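Read the structure below first, then the notes.
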Amino acid sequence: MSSKLYVGNLPYSVTDDSLRSNFSEYGAVASAKVMTDRETGRSKGFGFVEMGTEAEAQSAIDGLNGQSVDGRSIVVNVSRPKEAGSTGGGYRSGAGRY
DNA sequence: GCTGAGCGG
């Protein structure tokens, strides 16, 4: 399931609805969650968006990754990318596959 | 009405 997208470097103006709207353009958004600080109530600057399918997720990445939003380049990538190579250390094989 | 780590629960 690589339909989970990690969105980082987001402006504090972005909210769950904003992410959903932005990702909704590229596909069906299963769930959009912006990590807003519970204590201060401000956005942490990153969020998570889960698409219906991986294709839509990749489409959203290809469309929103590295794009300038609010004058800042946002980062859109699959949640917890699997770094191929090294054995052990990091994430275990299973989730994360292009 | 601001600032800035980046993978939530």
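None of these values were measured; they are calculated from a predicted model. Per chain, numbering begins at 1; letters A, B, ... match sequence-line order.
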- Toward the 5' end of DNA chain B, by each residue's nearest nucleotide, A/G45 or A/V49: A/G45
- Item | Heavy-atom donor-acceptor pair, A/Y12 side-chain to B/dG4 base, under 3.5 Å | yes
- Message: With a 3.5 Å cut-off and heavy atoms only, can you find an N or O donor on one side and an acceptor on the other between the side chain of A/R42 and the base of B/dG1?
- Response: no
May I have the distance from [X] (atom [atom1]) to [N] (atom [atom2]), rounded to whole angstrom?
X	N	atom1	atom2	value
A/K44	B/dT3	NZ	C1'	15 Å
A/D16	B/dG9	CG	P	12 Å
A/L19	B/dC7	CG	C1'	14 Å
A/I74	B/dC7	CD1	P	17 Å
A/F46	B/dT3	CZ	P	19 Å
A/K4	B/dG8	NZ	P	11 Å
A/N9	B/dT3	CG	P	14 Å

- Item | For B/dG6, glycosidic torsion class - syn if within 90° of 0, otherwise anti | syn
- Query: Stacking between A/F48 and the base of B/dG8 (centre distance under 5.5 Å, interplanar angle under 30°)?
  - Reply: yes
- Query: Within the structure shown, what part of the strands sits under 4.0 Å from A/R72 by heavy-atom distance: base, sugar-phosphate, or nothing?
  - Reply: base
- Task: Can you spot which of A/S59, A/S3, A/S2 makes a side-chain hydrogen bond (donor to acceptor under 3.5 Å, both in side chains) with A/E54?
- Result: A/S2
- Query: Between A/S21 and A/S18, is any side-chain donor less than 3.5 angstrom from a side-chain acceptor?
  - Reply: no
Out of curiosity, [X] [atom1] to [Y] [atom2], how far, rounded to the nearest 0.5 Å?
X	Y	atom1	atom2	result
A/R72	A/N9	CZ	CG	8.0 Å
A/L10	A/L19	CG	CG	5.5 Å
A/Y6	A/M35	OH	CE	11.0 Å

- Query: In residues 22-37 of chain A, what residues come within less than 4.0 Å of DNA chain B, judged by heavy atoms?
  - Reply: A/K33, A/M35
- Item | For A/V76 against A/I61, the heavy-atom pair lying closest together | O-CG2, 3.3 Å
- Check A/V29 against A/S24 and note the closest heavy-atom contact, atom names and distance. CG2-N, 3.4 Å
